[in-house]
Amino acid sequence: MSDKIKIAVIGATGSVGTSVLDICSHFPQIFDVKALAAKSNSKKLTELGRKFSAETLCLTAPDEHNPKYDNFRYLSGVAGLEYIVSECDIDHVVFASSGVAAIPALQKALSRGINVSLANKESIVVAGPWVMPLVKHKNQLRPVDSEHSAVWQCLRDAPKEEISRIWLTASGGPFRSFTAEQLKNVKPEDALHHPVWKMGAKITIDSATLMNKGIECIEAMQLFGMPSDKVGALIHPTSQIHGMAEFIDGTVKLLMSPADMRLACAAAMAWPKRLPVADKVLPPLEVSSWDLTFTEINEKLFPCYTLAREAGKKGGAYPSVLIGADESAVRHFLNHEITFTDIADVINETLETFSGSAPKTLDDAISLVAAGERIADELCKKRRHK
Ligand code: NDP
Ligand code: MG
């Protein structure tokens, strides 16, 4: 019997999915790719299916021109994702899709007891209260977002009462040293160039507005069960340190590594083993030449960070509404329909306009994402016609 890790990758065609599959291709003696899923990119998914000899492929929103998949079990729709985690012969699933479509599959995977590597931050921000209680054993749910992976690796099962604070770092994005005036003129093409990380378009824009860091604070609150005031974020432009944990005895653990998502993916996928992944190391003898500075986030210039922090602190409906509003505002910005600084204004107005109550069920929480998106769509439309 093979003792390989039988793995499924949801979001296989995206940026994180590519890092995950790069690990799988370098360590075929460890990982056996059984199932791959994406939204609609049938060509790439088929190529990947062939390359990794996957048994099952799933597209949640296939278009009518999809080719036939010979030799594969082909599934479609979000029910296909649920089938993969419930019925396929796998012991690990990576959630590297964007958006909230994979939440039910994430729940099913945890309930079934299989290990989960989680890159998708929207799902935990929206559904944390319905996802975290399903974790069956320690380290079943392993963060892939690089800052959370760093904190997770620093904490290493420390009891909560021994942790005084956790910190996430931020490169500050491409506009870290811009003035308010300069920010008004930022175009999508400028914002799509992140100085450190190569990522999907949505998260790259979120990194430029620092919404990503605010969302990551909520993600950390959910993943590590910490209140808002024990989760902090700092600008660290060289992105050598990704996260830190402060303990009650005064010890601070910092995780330093090359800025390469494959490290965070491998740490989660192979835990508790480490794999030889990095192309380069950070030799400690060169430490004196490293720039290990940390500064506070300029919340006046980057109000999206503050909006997300406040939504996380208020809880209830706000994190879901924020996620929906951000999805809409970023899409309209990428379509050149609103300006870069409009993104924060639209999200702020959406949160102020919203008047519903806290979700009682997961379905409520997911429908609040759509509600946030709808309100923001209207606000973007008004701005476009100004
Ligand atoms: P990309 O836009 O590069 O890729 C998104 C992937 O998700 C694609 O495979 C896409 O399929 C798939 N997908 C989108 N919607 C669905 C759906 N409804 N059902 C199934 N699959 C779907 O995104 P990233 O890889 O950048 O990000 C993925 C997630 O990881 C996000 O939540 C992001 O916030 C998080 N993350 C990303 C990091 C990064 O370095 N990129 C770092 C940390 C976290 P298709 O190609 O068919 O559209
Ligand atoms: Mg991150």
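All ligand and atom numbering here is 1-based and tracks the order in the structure. Since this is a predicted model, take the numbers as computed values, not measurements. FYI, side chains are in, hydrogens and waters are out, and symmetry mates aren't considered; it's all heavy atoms of this structure.
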If we count only N and O atoms by modelled type, under 3.5 Å, do the side chains of [X] and [Y] hold a donor and an acceptor together?
{"X": "Asn120", "Y": "Ser123", "result": "yes"}
{"X": "Ser149", "Y": "His242", "result": "no"}
{"X": "Gln240", "Y": "Thr238", "result": "yes"}
{"X": "Asp364", "Y": "Thr361", "result": "yes"}
{"X": "Trp271", "Y": "Asn115", "result": "no"}

Pairs of nitrogen or oxygen atoms closer than 3.5 Å, one from [X] and one from ligand 1: do any exist?
{"X": "Leu59", "answer": "no"}
{"X": "Lys198", "answer": "no"}
{"X": "Val16", "answer": "yes"}
{"X": "Asn41", "answer": "yes"}

Between [X] and [Y], does at least one N-O distance fall below 4.0 Å, as a salt bridge requires?
{"X": "Lys202", "Y": "Asp326", "result": "yes"}
{"X": "Lys6", "Y": "Asp89", "result": "yes"}
{"X": "Glu373", "Y": "Arg331", "result": "yes"}
{"X": "Asp229", "Y": "Lys313", "result": "no"}
{"X": "Lys34", "Y": "Glu55", "result": "yes"}
{"X": "Glu47", "Y": "Lys43", "result": "yes"}
{"X": "Arg309", "Y": "Glu299", "result": "no"}
{"X": "Arg383", "Y": "Glu349", "result": "yes"}

Identified side-chain contact (heavy atoms from CB on, under 4.5 Å) counterpart of Leu21 within the set Val16, Val94, Thr13, Leu36: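 One option only clears the test, and that one is Leu36.
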What's the shortest distance from [atom] to any protein heavy atom, and which residue and atom give it?
{"atom": "atom 32 (O) of ligand 1", "value": "Glu122 OE1, 2.6 Å"}
{"atom": "atom 18 (N) of ligand 1", "value": "Ala101 CB, 3.2 Å"}
{"atom": "atom 7 (O) of ligand 1", "value": "Ser97 CA, 3.2 Å"}
{"atom": "atom 33 (C) of ligand 1", "value": "Ile203 CD1, 4.0 Å"}
{"atom": "atom 43 (C) of ligand 1", "value": "Asp145 OD1, 3.0 Å"}
{"atom": "atom 14 (C) of ligand 1", "value": "Ser98 OG, 3.3 Å"}
{"atom": "atom 16 (C) of ligand 1", "value": "Lys39 CB, 3.6 Å"}
{"atom": "atom 23 (O) of ligand 1", "value": "Gly200 CA, 4.1 Å"}

Where on [X] is there a heavy atom closer than 4.0 Å to ligand 1, on the side chain, on the backbone, on both, or on neither?
{"X": "Ser15", "result": "both"}
{"X": "Met261", "result": "side chain"}
{"X": "Lys202", "result": "neither"}

Ser40 touching ligand 1 at heavy-atom level, < 4.0 angstrom: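 Yes.
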With heavy-atom distances below 4.0 Å as the criterion, list the atoms of ligand 1 near [X].
{"X": "Thr60", "value": "17 (C), 18 (N), 19 (N), 20 (C)"}
{"X": "Lys121", "value": "32 (O), 34 (O), 44 (C)"}
{"X": "Gly11", "value": "6 (C), 7 (O), 9 (O), 12 (C)"}
{"X": "Ala119", "value": "30 (O), 35 (C), 36 (N), 44 (C)"}

Centroid separation Phe340 to Phe175 less than 6.0 Å: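 Yes, the ring of Phe340 comes within the 6.0 Å limit of the ring of Phe175, centre to centre.
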[X]: its N/O/S atom lying closest to the Mg ion (ligand 2) (atom name):
{"X": "Asp145", "value": "OD1"}
{"X": "Glu147", "value": "OE1"}
{"X": "Glu216", "value": "OE2"}

Options Ala105, Gly14, Ala96, ranked by nearest heavy atom to atom 28 (C) of ligand 1, top entry: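 Result: the heavy atom closest to atom 28 (C) of ligand 1 is in Ala96.
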From Thr13, Val20, Asn120, Val125 - option closest to atom 10 (C) of ligand 1 by heavy atom: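 Nearest heavy atom to atom 10 (C) of ligand 1 lies in Thr13.
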